[in-house]
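Step one of this worksheet: look at the structure below.
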Amino acid sequence: MYLHSGWQIAVSPDTKYFAVDWLGVEVTRASLGIIGMGNIGYKVAQRARAFNMKILYHNRNRRRKEEEKAVGAHYCEKMEDLLQQSDFVMVVVNLTPETHKLIGKKELGLMKSTATLINISRGAVIDQDALVEALQNKLIRAAALDVTYPEPLPRDHPLLKLNNIIITPHVGTATVQALHMMAEEAIANILAVLNGQPIPSEVFPK
């Protein structure tokens, strides 16, 4: 958020000085709530651990005690508890009928007014109309979305007119190295099927 607007201030032809009271929010020691603690959610927790963040998570199934301990994660059986306590809420779930508009008006209303919502899963997991309202009325501080619905958003969409949101064009895995790894993983799965072996990355395990 501040990187984006800071860049605009830095390059603007109207900038004569940098305001000393233009302040951001610390990530270190802040609380991060992860909704969806699968493989990706757990990797997020591992990285957040390096910033000494307090990690809360909500998941269909609780992870093993040793996995929680390794990243210092605390399980919230109720998503509402996570929403109320977190400074940053990151959504990392698959899009299913159960998770469609998982974060709506009620959930946004439970979040801290100083909190930031981050979505790296799928756009439809968040009710975008409710998010627009929450950002406009400062119910939450900010949002950061790598995904939206549709993609890209219509150019007149109200989310594009707000100054307390940052949107990236679904680039969470857009690196040369990540694409190579995904291709290698796909090949490994194909070869396993052809050879009658267990599929390494089976989407729907039996």
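For reference, positions follow the sequence shown, starting with 1.
- Looking at every heavy atom in both residues, Asn119 comes nearest to Val91 through OD1-O, 3.6 Å.
- A side-chain contact (heavy atoms from CB on, under 4.5 Å) with Leu145 is found for one member of Leu153, Leu159, Ile166, Ile118 and no other, namely Leu159.
- A donor-acceptor pair is defined here as one N or O able to donate and one able to accept, closer than 3.5 Å; such a pair exists between the side chain of Thr148 and the backbone of Pro150.
- Residue Asn137 qualifies as enclosed at atom CG: its count of foreign heavy atoms under 6.0 Å is above 12.
- Relative to the six-membered ring of Tyr42, Arg63 meets both conditions, a distance below 6.0 Å and an angle of at most 45° to the axis.
- Nearest heavy atom pair, residue Gly104 against residue Ala130, reads C-CB, 4.0 Å.
- Not one N or O on the side chain of His74 forms a donor-acceptor pair closer than 3.5 Å with the backbone of Ile55.
- Without hydrogens or angle criteria, Asp127 side chain to Ile103 main chain gives no donor-acceptor distance under 3.5 Å.
- Checked by atom type and distance alone, the side chain of Ser12 never pairs as donor or acceptor with a backbone atom of Ile9 at under 3.5 Å.
- In this structure, Asp81 contributes its side chain and Cys76 its backbone to no donor-acceptor pair below 3.5 Å.
- Asp87 places a side-chain N or O within donor-acceptor distance of the main-chain N or O of Ser31, the cut-off being under 3.5 Å.
- The backbone N or O of Leu102 sits nowhere less than 3.5 Å from a side-chain atom of Thr99 that would complete a donor-acceptor pair.
- The environment of Tyr149 atom OH is dense: over 12 non-hydrogen atoms of other residues, nucleotides or ligands sit within 6.0 angstrom.
- Using a cut-off of 4.0 Å between Lys/Arg side-chain N and Asp/Glu carboxylate O, Lys78 and Glu80 are scored as not salt-bridged.
- Few gaps surround CG on Leu162; more than 12 heavy atoms of other groups in view lie less than 6.0 Å from it.
- Surrounding NZ of Lys112 are more than 12 heavy atoms belonging to other residues, nucleotides or ligands, all under 6.0 Å away.
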